[in-house]
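This one's a predicted model, so the numbers in the text were calculated from it and none came from an experiment. The analysis underlying the following values was restricted to heavy atoms, covering all of them including side chains, and did not include hydrogens, waters or symmetry mates.
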Amino acid sequence: GSMADYTLSSRDCFQAYRSRKGSAQIRAFQESTCASTATIAFGNVVQLDGASTGDAMRVVRCSSGTGTAPLLLGGIVGVAAQASTSDGSTTGINTYTNRQLSVWLADKDTEFKAPTRDVIRASAIGLGCEINWDSTLNINVVAIASTTGDARFVISDILPATNGDTGGYVIGRFHSSAVAAAVAL
(Lines give C-alpha, C1' and ligand atoms only; values in the text may rest on other atoms or scores of the structure.)
Protein backbone atom coordinates (compact mmCIF):
# COMPACT_ATOMS: atom_id res chain seq x y z
CA GLY A 1 0.00 0.00 0.00
CA SER A 2 0.95 3.64 -0.21
CA MET A 3 2.53 5.43 2.71
CA ALA A 4 0.57 8.07 4.58
CA ASP A 5 1.56 11.28 6.28
CA TYR A 6 -0.35 12.05 9.46
CA THR A 7 -0.19 15.46 11.10
CA LEU A 8 -0.73 15.42 14.85
CA SER A 9 -3.33 17.69 16.45
CA SER A 10 -4.13 18.58 20.06
CA ARG A 11 -6.52 15.61 20.18
CA ASP A 12 -3.73 13.10 19.48
CA CYS A 13 -2.68 11.87 22.89
CA PHE A 14 -1.58 8.84 24.84
CA GLN A 15 -4.45 6.44 25.59
CA ALA A 16 -4.73 3.01 27.16
CA TYR A 17 -4.87 0.51 24.28
CA ARG A 18 -4.97 -3.02 25.74
CA SER A 19 -4.11 -4.93 28.87
CA ARG A 20 -3.23 -8.50 29.71
CA LYS A 21 -5.71 -8.11 32.57
CA GLY A 22 -8.56 -7.47 30.10
CA SER A 23 -8.94 -3.78 30.75
CA ALA A 24 -6.41 -1.19 31.82
CA GLN A 25 -6.30 -0.52 35.55
CA ILE A 26 -7.42 2.93 36.61
CA ARG A 27 -6.40 4.49 39.92
CA ALA A 28 -7.16 7.95 41.25
CA PHE A 29 -4.29 10.22 42.28
CA GLN A 30 -4.54 13.66 43.81
CA GLU A 31 -3.34 16.44 41.54
CA SER A 32 -0.49 18.57 42.76
CA THR A 33 -0.33 22.34 42.55
CA CYS A 34 0.95 23.81 39.30
CA ALA A 35 0.77 26.88 37.12
CA SER A 36 -2.72 27.33 35.69
CA THR A 37 -1.15 26.77 32.26
CA ALA A 38 0.22 23.37 33.38
CA THR A 39 -2.97 21.64 34.52
CA ILE A 40 -3.41 18.05 33.39
CA ALA A 41 -5.32 17.37 30.16
CA PHE A 42 -6.86 14.09 29.03
CA GLY A 43 -4.11 11.87 27.63
CA ASN A 44 -1.20 13.66 29.32
CA VAL A 45 1.47 11.39 30.78
CA VAL A 46 1.56 12.06 34.52
CA GLN A 47 4.25 11.53 37.13
CA LEU A 48 4.57 11.91 40.88
CA ASP A 49 5.44 15.41 41.99
CA GLY A 50 8.86 15.06 43.58
CA ALA A 51 9.02 18.73 44.52
CA SER A 52 8.30 18.21 48.20
CA THR A 53 7.64 15.37 50.61
CA GLY A 54 4.08 16.54 51.21
CA ASP A 55 3.35 16.20 47.51
CA ALA A 56 5.06 12.82 47.15
CA MET A 57 1.89 11.02 46.03
CA ARG A 58 0.40 13.92 44.06
CA VAL A 59 0.69 14.00 40.29
CA VAL A 60 1.75 16.57 37.71
CA ARG A 61 1.84 16.31 33.95
CA CYS A 62 5.11 15.15 32.40
CA SER A 63 6.25 18.35 30.79
CA SER A 64 7.58 20.42 33.59
CA GLY A 65 10.03 17.86 34.99
CA THR A 66 12.96 19.22 33.02
CA GLY A 67 11.23 21.45 30.49
CA THR A 68 13.43 20.06 27.73
CA ALA A 69 13.28 17.26 25.19
CA PRO A 70 13.70 14.47 25.96
CA LEU A 71 11.80 14.42 29.22
CA LEU A 72 14.00 12.38 31.55
CA LEU A 73 11.13 11.29 33.68
CA GLY A 74 11.03 9.24 36.82
CA GLY A 75 7.99 8.40 38.88
CA ILE A 76 5.63 7.97 35.93
CA VAL A 77 2.26 6.71 37.15
CA GLY A 78 0.42 6.58 33.85
CA VAL A 79 -1.83 8.58 31.56
CA ALA A 80 -4.66 10.90 32.59
CA ALA A 81 -7.98 9.24 31.77
CA GLN A 82 -9.77 12.54 32.36
CA ALA A 83 -8.96 16.23 32.19
CA SER A 84 -8.36 18.29 35.30
CA THR A 85 -10.99 20.78 36.38
CA SER A 86 -8.47 22.46 38.66
CA ASP A 87 -6.78 25.84 38.26
CA GLY A 88 -3.59 24.42 39.79
CA SER A 89 -3.96 26.38 43.04
CA THR A 90 -3.82 24.96 46.56
CA THR A 91 -7.63 25.13 46.93
CA GLY A 92 -8.89 22.08 48.80
CA ILE A 93 -5.61 20.21 48.37
CA ASN A 94 -5.12 19.59 52.10
CA THR A 95 -8.03 17.12 52.00
CA TYR A 96 -6.62 14.06 50.29
CA THR A 97 -9.94 13.04 48.74
CA ASN A 98 -10.21 16.36 46.86
CA ARG A 99 -8.91 16.88 43.33
CA GLN A 100 -8.58 13.19 42.55
CA LEU A 101 -7.84 12.43 38.89
CA SER A 102 -8.39 9.08 37.16
CA VAL A 103 -5.17 7.69 35.67
CA TRP A 104 -4.59 4.64 33.45
CA LEU A 105 -1.76 2.92 35.28
CA ALA A 106 1.62 2.48 33.58
CA ASP A 107 1.91 -1.08 34.84
CA LYS A 108 3.65 -3.98 33.11
CA ASP A 109 0.33 -5.34 31.81
CA THR A 110 -0.88 -2.23 30.02
CA GLU A 111 0.02 -1.08 26.53
CA PHE A 112 -0.67 2.46 25.40
CA LYS A 113 -1.36 3.97 22.00
CA ALA A 114 1.10 6.86 21.72
CA PRO A 115 1.41 9.61 19.10
CA THR A 116 4.60 10.09 17.11
CA ARG A 117 5.78 12.34 14.27
CA ASP A 118 8.40 9.83 13.15
CA VAL A 119 8.33 7.15 10.47
CA ILE A 120 6.53 4.10 11.85
CA ARG A 121 8.38 0.88 11.13
CA ALA A 122 7.87 -2.70 12.27
CA SER A 123 11.63 -2.74 12.93
CA ALA A 124 11.05 -0.25 15.77
CA ILE A 125 9.28 -2.94 17.84
CA GLY A 126 11.38 -3.47 20.96
CA LEU A 127 12.98 -0.04 20.72
CA GLY A 128 13.20 2.24 23.75
CA CYS A 129 12.00 5.75 22.92
CA GLU A 130 12.01 9.26 24.31
CA ILE A 131 8.88 10.97 25.55
CA ASN A 132 8.78 14.62 24.54
CA TRP A 133 6.39 17.50 25.23
CA ASP A 134 4.73 19.52 22.48
CA SER A 135 3.85 22.80 24.18
CA THR A 136 1.92 24.05 21.15
CA LEU A 137 -0.47 21.10 21.03
CA ASN A 138 -0.30 20.38 24.80
CA ILE A 139 0.45 16.68 24.19
CA ASN A 140 3.21 14.18 24.92
CA VAL A 141 4.78 12.52 21.88
CA VAL A 142 7.11 9.57 21.38
CA ALA A 143 10.37 10.12 19.48
CA ILE A 144 11.25 6.83 17.79
CA ALA A 145 14.82 7.85 16.96
CA SER A 146 16.08 8.13 20.50
CA THR A 147 19.11 7.10 22.48
CA THR A 148 19.19 4.36 25.09
CA GLY A 149 19.68 6.61 28.11
CA ASP A 150 16.55 8.59 27.23
CA ALA A 151 14.24 5.60 26.88
CA ARG A 152 10.98 5.99 28.79
CA PHE A 153 8.63 4.13 26.42
CA VAL A 154 9.19 0.79 24.67
CA ILE A 155 7.40 0.04 21.40
CA SER A 156 5.68 -3.35 21.54
CA ASP A 157 3.60 -3.20 18.35
CA ILE A 158 2.45 -1.04 15.49
CA LEU A 159 -1.09 -0.67 14.19
CA PRO A 160 -2.10 -2.58 11.04
CA ALA A 161 -1.31 -0.82 7.75
CA THR A 162 0.82 1.90 9.39
CA ASN A 163 4.27 0.46 8.51
CA GLY A 164 6.13 3.19 6.63
CA ASP A 165 3.70 5.97 7.53
CA THR A 166 5.11 9.26 8.76
CA GLY A 167 3.29 10.27 11.93
CA GLY A 168 0.50 8.46 13.71
CA TYR A 169 0.50 6.06 16.63
CA VAL A 170 2.72 3.32 18.03
CA ILE A 171 1.78 0.81 20.73
CA GLY A 172 3.98 0.30 23.77
CA ARG A 173 4.62 0.27 27.48
CA PHE A 174 6.34 2.68 29.81
CA HIS A 175 9.90 1.62 30.61
CA SER A 176 9.81 -0.11 34.00
CA SER A 177 12.75 1.89 35.37
CA ALA A 178 10.84 5.14 34.77
CA VAL A 179 7.64 3.98 36.47
CA ALA A 180 6.88 4.85 40.10
CA ALA A 181 7.32 2.01 42.58
CA ALA A 182 3.73 2.46 43.74
CA VAL A 183 2.53 1.48 40.26
CA ALA A 184 5.18 -0.97 39.02
CA LEU A 185 4.08 -3.74 41.38
Side-chain angles (χ1 to χ4, degrees), residues 4-17 29-52 55 58-91 93 99-106 111-120 124 127-155 159 162 165-175 177-180 183:
D5 285 349
Y6 182 85
T7 303
L8 298 180
S9 78
S10 60
R11 295 185 57 83
D12 288 306
C13 54
F14 277 72
Q15 293 180 56
Y17 182 67
F29 289 88
Q30 187 181 41
E31 297 174 70
S32 193
T33 55
C34 63
S36 58
T37 52
T39 55
I40 298 166
F42 174 85
N44 282 170
V45 180
V46 292
Q47 70 185 115
L48 297 177
D49 182 357
S52 72
D55 293 340
R58 291 180 183 148
V59 294
V60 291
R61 73 173 192 205
C62 290
S63 68
S64 43
T66 60
T68 58
L71 295 172
L72 297 177
L73 313 167
I76 293 173
V77 294
V79 173
Q82 67 180 114
S84 168
T85 55
S86 157
D87 61 359
S89 72
T90 56
T91 306
I93 206 167
R99 287 176 48 180
Q100 295 279 326
L101 196 73
S102 293
V103 173
W104 284 305
L105 291 186
E111 289 173 290
F112 291 84
K113 192 171 86 161
T116 185
R117 288 194 170 84
D118 298 324
V119 177
I120 297 166
L127 190 69
C129 301
E130 294 174 5
I131 296 175
N132 294 327
W133 176 249
D134 183 316
S135 57
T136 306
L137 298 179
N138 210 42
I139 59 171
N140 295 101
V141 295
V142 163
I144 294 175
S146 66
T147 57
T148 313
D150 302 339
R152 295 298 182 269
F153 189 80
V154 180
I155 297 175
L159 295 165
T162 59
D165 289 2
T166 302
Y169 287 89
V170 291
I171 308 303
R173 291 183 189 86
F174 289 95
H175 201 285
S177 64
V179 173
V183 171

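At distances below 3.5 Å, not a single donor-acceptor pair connects side-chain atoms of Ser32 with backbone N or O atoms of Val60.
For Thr166 against Arg117, the heavy-atom pair with the smallest separation is CG2-O, 3.6 Å. In terms of heavy-atom proximity, Ile76 sits nearest to Ala106 at CG2-CB, 4.1 Å. Between Thr39 and Arg61 the shortest heavy-atom distance is O-NH1, 3.8 Å. The two residues Ala80 and Ile40 make their nearest non-hydrogen contact at CB-CG2, 3.5 Å. Thr91 approaches Arg99 most closely through the heavy-atom pair O-NH1, 3.3 Å.
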If you apply the rule side chain to side chain contact (heavy atoms under 4.5 Å, CB included), what do you find for Val183 with Phe29, and how did you get there?
CA-CA 11 Å; Val183 171; Phe29 289 88; 4.1 Å; yes
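By the 6.0 Å and 45° rule, Lys113 stacks over the aromatic ring of Tyr169.
Within the 4.5 Å cutoff, the side chain of Asp5 has no heavy atoms near those of the Asp165 side chain. Counting heavy atoms from C-beta outward, Val46 and Val77 have side chains that approach closer than 4.5 Å. Annotation: side chain of Val79 is not in contact with side chain of Asn44 (no heavy-atom distance under 4.5 Å). A 4.5 Å side-chain heavy-atom check between Asp12 and Tyr6 finds at least one atom pair inside the cut-off. Between Asn132 and Asn140 the shortest side-chain heavy-atom distance does not fall below 4.5 Å. Residues Ile171 and Leu159 have side chains in contact (heavy-atom distance under 4.5 Å, counting atoms from C-beta outward). The side-chain heavy atoms of Ile93 and Gln30, taken from C-beta on, include a pair separated by under 4.5 Å. Inter-residue side-chain proximity for Val141 and Ile131 is flagged as unmet; no heavy-atom pair is nearer than 4.5 Å.
Aromatic rings of Phe153 and Phe14 (six-membered ring for Trp) have centroids within the 6.0 Å cut-off, being under it.
Residues that satisfy the salt bridge (charged side-chain N to carboxylate O under 4.0 Å, His left out) test with Asp87, not counting sequence neighbours, are absent from this structure. Applying the ring pair (Phe, Tyr, Trp, His ring centres under 6.0 Å) test to Phe112 and every residue at least two apart in sequence or in another chain returns Phe174. When the ring pair (Phe, Tyr, Trp, His ring centres under 6.0 Å) test is applied to Phe42, the partners found at least two apart in sequence or on another chain are Trp104.
Atoms CZ and CD, on Arg152 and Gln47 in that order, are 10.0 Å from each other to the nearest 0.5 Å.
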